[in-house]
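Step one of this worksheet: look at the structure below.
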Amino acid sequence: MTTPAPLCVGYLRLRMTDDDRSEQQHVADMAAFAEREGLALSLVFVEKRWQRTLALNALTAYCQGHGIRNIIVPTSEHLNQLPVLADVSKDVLEQDIGGQVWIAASTEEESPCAPTLAENGGDR
């Protein structure tokens with residue numbers, strides 16, 4: 001008998017430049033990520049207005065009420081545009097649900113440009 005995959009929910013914050021296709025792509029990316037990680041994406045909460053948190057608050061309450069311990073977001077920018085605040089938001093959300101927030105995009109996909117590496121610790 002196989003054990004069912006743990007349930008997870010998704011969260012995304014639409015930007016004014018996003019359309020239905022980009023929303024569908026975000027959902028598809030989160031579903032593919034969930035499958036790769038052995039999770040079952042059951043529901044996606046969508047923040048339609050950039051500076052609101054109604055969907056985020058509903059997601060938190062839903063997770064707490066249903067014992068969901070995994071949340072997937074397309075990129076950390078969906079939690080906050082400022083990286084340091086996105087990290088804080090992720091930590092607070094993980095504490096609130098007693099679980100983990102997964103970022104579906106790889107680090108390279110999130111960065112606006114690839115980091116540069118200095119050889120020999122920067123010495124020439």
For [X] and [Y], work out which heavy atoms get closest and say how close.
X	Y	answer
I103	S76	CG2-N, 3.8 Å
I97	C63	CG2-CB, 3.6 Å
K90	L79	CB-CD1, 3.8 Å

Query raised in the report: Excluding sequence neighbours, so at least two apart, what forms side-chain contact (heavy atoms from CB on, under 4.5 Å) with V88?
Result: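 Once residues adjacent in sequence are excluded, the partners of V88 under the side-chain contact (heavy atoms from CB on, under 4.5 Å) criterion are V92.
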Requested in this report: For A55, check side-chain contact (heavy atoms from CB on, under 4.5 Å) against everything at least two apart and list the hits.
Outcome: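 Listed in chain order: Y11, F45, E47.
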Query raised in the report: Hey, what do you get for CD1 (I71) to CG (L41), rounding to the nearest 0.5 Å?
Result: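 These two atoms lie 11.5 Å from each other.
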Query raised in the report: Below 4.5 Å, heavy atoms only, C-beta onward: do V27 and L12 meet side chain to side chain?
Result: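 Yes, side chains in contact.
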Query raised in the report: Considering only heavy atoms from C-beta outward, does the side chain of E23 approach that of K48 to under 4.5 Å?
Result: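 Sidechains of K48 and E23: in contact.
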Report task. Just grab all the salt bridge (Lys or Arg N to Asp or Glu O under 4.0 Å) pairs involving residues 33-45, residues at least two apart or on different chains. Result ->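 Residue pairs passing salt bridge (Lys or Arg N to Asp or Glu O under 4.0 Å), neighbours aside: none found.
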Report task. Check whether any side-chain N or O of R13 sits under 3.5 Å from a backbone N or O of T53 as a donor-acceptor pair, and report yes or no. Result ->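 Absent.
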**Report entry** Where at least one partner belongs to residues 24-34, residue pairs that pass side-chain hydrogen bond (donor to acceptor under 3.5 Å, both in side chains), sequence neighbours excluded
**Finding:**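 Counting only pairs at least two positions apart or across chains, the side-chain hydrogen bond (donor to acceptor under 3.5 Å, both in side chains) contacts touching residues 24-34 are Q25-D29.
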Query raised in the report: What side-chain hydrogen bond (donor to acceptor under 3.5 Å, both in side chains) pairs are there with at least one residue in residues 60-70, not counting sequence neighbours?
Result: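 Found N70-W102.
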Query raised in the report: Which residues satisfy the salt bridge (Lys or Arg N to Asp or Glu O under 4.0 Å) test with R15, sequence neighbours excluded?
Result: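 Testing R15 for salt bridge (Lys or Arg N to Asp or Glu O under 4.0 Å), a comparison that skips the adjacent residues, returns D18, E77.
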Query raised in the report: For L43, which of L59, V9, I68 qualifies under side-chain contact (heavy atoms from CB on, under 4.5 Å)?
Result: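 When L59, V9, I68 are each tested with L43, the side-chain contact (heavy atoms from CB on, under 4.5 Å) holds only for V9.
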